[in-house]
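First up is the structure itself, then whatever we jot down about it.
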Amino acid sequence: MDYFRKMCGCGRDNCRPGLLGLLPKPDVSETLWSFISALCGIGVVAWLCDRVASPGDGFVLIGSFGASAVLAYGAPGAPFSQPRNLLGGHVLSALVGVFVARNLGVPGLAGMSGAEVLTLSTAWLAPAVAVAAAIALMHLTDTLHPPGGATALIAVTGSPQIQALGYKYAVMPVAAGAAALLVVALLVNNIPRGRRYPRHWW
């Protein structure tokens, strides 16, 4: 019976804080700084995609960076937002995702081979294994960053351009984009008196 009772929740006032704790409702200033930080962070990564990356690299802006922006700029004090988690979670998850994609098969890869039948028969499993393995590795390395699950998933289900990158995916776009988000978090989150980033580096 206790199992089902847990599914009812405990209300905002009766729960003990978990990993993130119960975040208080932000005031207008906190909301404004979260907006400014996210605008700058995603703006920098998007600008790098548009202006710095070569024409064939227009896929540098991956969706999981949006979720990282929520953490790094909307909850900069949260454990999942810290630099070790932001960088480590993304890079390790990217490596896991590419490994799984290459070994369990990804639909849509160019060129049919004799093993294509086997590849297609296990392709449905690759997304689940990639995300689950990324979570496990992030737990083991103390780098848990929820958007890392999406980074692993993108490695498996992403466009043919993403697939063609192979392990380079972990460097560009993943490590480069996460590093850009981190630099903006350091610069902008520390401007207002009431914000501090990071809480810890390692």
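Quick note: residue numbers are just sequence positions, from 1. Only heavy atoms go into these numbers, but all of them, side chains included; no hydrogens, no water, no symmetry mates. Every value quoted in this text rests on a predicted model; they were computed, and no experiment measured them.
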Subject >> Side chain proximity check, Phe65 to Pro147, heavy atoms < 4.5 angstrom >> reply: no
Subject >> Side-chain heavy atoms of His90 within contact of Pro173, under 4.5 Å >> reply: no
**OP:** Kindly say whether Pro76 contributes a backbone atom to a donor-acceptor pair with the side chain of Asn189 at under 3.5 angstrom?
**Re:** no
Original post:
Can Phe99 and Val129 be said to form a side-chain contact (heavy atoms from CB on, under 4.5 Å), step by step?
Top reply: CA-CA 10 Å; Phe99 178 82; Val129 171; over 6 Å; no
**OP:** Take Ser68 and Leu86 through the test side-chain contact (heavy atoms from CB on, under 4.5 Å) and record every step on the way to the result.
**Re:** CA-CA 7 Å; Ser68 291; Leu86 176 62; 3.8 Å; yes
Original post:
Say you draw a straight line from NE2 of His145 to CG of Leu92; how long is it, rounded to the nearest 0.5 Å?
Top reply: 12.0 Å
Original post:
Does the side chain of Thr151 come under 3.5 Å of the side chain of Ser64 through a donor N or O and an acceptor N or O?
Top reply: yes
**OP:** Indicate yes or no: at least one non-hydrogen side-chain atom of Tyr169 is less than 4.5 angstrom from one of Val91.
**Re:** no
**OP:** Compare all side-chain heavy atoms of Leu186 with those of Pro198 and state whether any distance is below 4.5 angstrom.
**Re:** yes
Original post:
Would a distance-only check, ignoring hydrogens and angles, find a side-chain to backbone donor-acceptor pair under 3.5 Å from Ser81 to Leu71?
Top reply: yes
Subject >> Polar side-chain atom of Asn85 near backbone of Leu144 as donor-acceptor pair, under 3.5 Å >> reply: yes
Original post:
Between the main-chain N or O of Arg84 and the side-chain N or O of Thr143, is there a donor-acceptor pair closer than 3.5 Å?
Top reply: no
Original post:
Just wondering, do Ile36 and Tyr73 contact through their side chains at under 4.5 Å, heavy atoms?
Top reply: no
Original post:
Are the side chain of Glu30 and the backbone N or O of Gly194 linked by a donor-acceptor pair below 3.5 Å?
Top reply: no
Subject >> side-chain contact (heavy atoms from CB on, under 4.5 Å) between Ser29 and Arg195, worked out >> reply: CA-CA 10 Å; Ser29 174; Arg195 288 170 74 109; over 6 Å; no
**OP:** State, with a plain yes or no, whether a side-chain heavy atom of Tyr197 is found less than 4.5 Å away from one of Pro83.
**Re:** yes
Original post:
Just wondering, do Pro79 and Arg199 contact through their side chains at under 4.5 Å, heavy atoms?
Top reply: no
Subject >> Tyr167, OH: over 12 other non-hydrogen atoms inside 6.0 angstrom >> reply: yes
Subject >> Pairwise side-chain contact, Ile42 with Trp47, heavy-atom cut-off 4.5 Å (strictly under) >> reply: no
Subject >> Interatomic distance, His200 atom NE2 to Gln82 atom CD [nearest 0.5 angstrom] >> reply: 4.5 Å
